[in-house]
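Each chain gets a letter, A, B and so on, in the order its sequence line appears, and its residues count up from 1. Just so you know, these numbers use all the heavy atoms, side chains as well, and skip hydrogens, waters and symmetry mates.
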Amino acid sequence: MGNLTLSIDGTNVELESGRSFTSVLAGLSIGNKEKILGLYIDGTLYDLHQPIGTGGTVRLVYADTDEGLGILRHSTSHIMAQAVRHLFPDVKLAIGPSIKDGYYYDFDFTEPISSHDLERIEEEMYKIVEEDQRFERFTKPREEALQLFKKENEPYKVELIEDLPDERELSFYKNGDFVDLCRGPHIPSTGYAKALKLLSIAGAYWRGDERNPMLTRIYGTSFFNAKPLKGYLNRIEEAKRRDHRKLGKQLELFSFHEEGPGFAFWLPKGMVLKNKLMEFWREEHEKAGYVEVQTPIILKKDLWVQSGHWENYRENMYTTEIDGTPFAIKPMNCPGGMLIYKEKIHSYRDFPMRVGEVGLVHRHEKSGVLHGLFRVRSFTQDDAHIFMLPSQIKEEIIRVIRLTERIYSVFGFSYHLELSTRPDKSIGTDEMWELATGGLEEALTEIGIEYEISPKEGAFYGPKIDFHLEDCLGRLHQCATIQLDMSFPERFDLTYIDQDGSEKRPVVIHRTVLGSLERFIGILIEHYAGRFPLWLAPVQIVVLPITRDHSEHASFVYERLKSESFRVELDDRNEKLGYKMREAEVAKVPYIVVIGAKEIEASTVSVRKSGKKDLGSMKLDELVSLMEDEITARSRPDELK
RNA sequence: GCCCACAUAGCUCAGUCGGUAGAGCACGUCAUUGGUAAUGACGAGGUCACCGGUUCAAUUCCGGUUGUGGGCUCCA
């Protein structure tokens, strides 16, 4: 048995082949040894108890890193499965990976369980943690492993092994009385999982395919100690507090009704948000050289057959009939836009033609996926189609990216980009797809912006670049999308007359910036926690007289503010100041003005900025110009002093 | 669509191990004229989501429907 050489931080350490890293750890002069969970040797991950067979350069994995947390959570999923097995001996095991903020494990229970069972599973888990069981790794030949799981009646494990490549070594991990097929690595022992919490229970199809059996998935999270767990649970609470469905009701922005599942009703205050947002959108698009059109919501089925929607998007479309002829309700604006283009002959000189359409589209979503404003069946898309020469592709895509960046910057979002490639269900030739995908890539490279690739996620008619917005809680939402389309021009026989007098095909970009107005507003509500910037706030200012004696003057102030086009309310109800003040604060009105004897005497108003910032007294004119500046600049609350 | 859970006053929620229900806020009336996050009293308001079944009796138990919530390919 020969010696191996491990290079750790430039120092060489000798290790006998087949021994684990633990055997040399004691002799090493490095700090934080108790936080080491595993190690990479030339890129291969080992846990501490695993026999090591090759030497190389070592990178240690510590507990207080994302990688370390991932290992912990994966191990915690084993602990959960073990606890579940103790309580429900007949359960069959599927898979249990670590995910972004925790882990899950999928089970096939003989009897359904409910969220009430989570508590006792968690108790059982803590027992296992207290026993501080060692995670031990071993391997088995394929046949033996298959026999084992067949004997133990674990059909999902059998299927997993059968799908693994023949040459793959099958590793197992054992802790206490629990053994699971597992690639590893794991924490050295169960005692490392000091802080854990089961979060929810849900159904999940085996391997995510709805044709497969529905399993029961239990979600949980874990940390190395209690403090970050508490922080994580607080973050969940904060997210609940900001939930747009809750705030939307509380602030009277929109509502949903049983009579229209997935269809939002916009209330007067929500309409202000919608309209102000569109006002801003139109300003920016006009500056960027767009014109605007509007096409009908219902169009003949034949059109959707021609566009390919009937074949590729049928299951998401609502249909109807007019005078015996089948019609469909538009799920997208493009076919209508194509008809407008075809209405006259175009010259290459017309290009690029940037044609916007703020269109109401309807898409059938499965009942189970509806979610507030984020996932609806009817939404307003801030669409546009850009008709152009193939040579203008790169330039136009760059312009769209720049426009999107400009609009997003006003809201203070951060975001990342994704390039989605050809899906399985699609129209067009391979050549078109390559050309189109290449065009998008080229634009991204030229602009020097980072992006990820998401394979097979493109639209059926072309590849796309998506903007994923990150809200202040770090959650991602897809909004803007830029899709390059070389199929519709073909299908709709779009042409232009080129310089040499010949007829040619234009290229089309489909793009949105906000994506869905509904979803975007949902994100805004959560991003601002309902405390909107002044330019968007449904009510910008409320005037509070202290007593009835001050009502007349308050009414004068109110009229003046109204004449300056502010969205202002006068609250001269017969209530105490504190009461009305509280109500204005709860309604998150940005400015609160108090009128009493002192203010009437000095011809001033007493101004309070929502969020307890008392600005003191000032002349009404001062307040007007202060607010005007804030609105014109479209300042965000976090930009103000 | 599928799995699990939930549905009680305008809102947020109690409650009934089967005998037709309660609080706070909001709303109305009255009193109070109060200086920066809730003045007090009184009052009105509910076929306990809908449709069936079991029962002397169902808001409660059972089944169905509708809606809502958490999820449904991040490779053992």
If the condition is ring-ring contact (aromatic ring centres under 6.0 Å, His included), which residues does A:Y415 pass it with, not counting sequence neighbours? A:Y408, A:F467
Base B:rG35 to side chain A:E599, donor-acceptor N/O within 3.5 Å cut-off: yes
Any N/O pairs under 3.5 Å between the protein and nucleotides 5-8 of chain B? List them or say none.
none

Report all interatomic pairs (protein N or O, nucleotide N or O of nucleotides 64-67 of chain B) with separations under 3.5 Å.
from: B:rU66; atom 1: O2'; to: A:E258; atom 2: OE2; distance (Å): 2.8

B:rG71 base to A:Y205 side chain: any donor-acceptor pair below 3.5 Å? no
Taken in chain and number order and not counting sequence neighbours, the residues that satisfy ring-ring contact (aromatic ring centres under 6.0 Å, His included) with A:Y156 are A:W206
Can you give the dot-bracket line for RNA chain B, using ( ) for pairs inside the strand, [ ] for pairs that cross earlier ones, | for pairs with another strand and . for unpaired bases, where Watson-Crick and G-U count if both distances are under 3.5 Å? (((((((..((((.....[..)))).(((((.......))))).....(((((..]....))))))))))))....
Which nucleotide in B:rC75, B:rG71, B:rC27 has an atom nearest any side-chain atom of A:P97: B:rC75
At their closest point, which heavy atom of A:D209 faces which heavy atom of A:Y205, and how far apart are they? O-CB, 3.2 Å
What class does the angle between the rings of A:F460 and A:H309 fall in, given that below 30° is parallel, 30 to 60° is tilted and above 60° is perpendicular? perpendicular
Under 4.0 Å, heavy atoms only, any strand: does A:L93 hit a base, just the sugar-phosphate, or nothing? nothing
A:D177 and A:H86: side chain donor to acceptor below 3.5 Å: yes
Just how far, in rounded Å, is P of B:rA37 from CD of A:E583? 14 Å
Any chance you could list the contact pattern along nucleotides 39-47 of chain B? Use B for base contacts, S for sugar-phosphate-only contacts and - for none, protein heavy atoms under 4.0 Å, 5' to 3'. B--------
Kindly indicate, with the supporting measurements, whether the criterion side chain to side chain donor-acceptor pair (under 3.5 Å) is fulfilled by A:R183 and A:S171. CA-CA 6 Å; A:R183 190 177 52 186; A:S171 59; over 6 Å; no
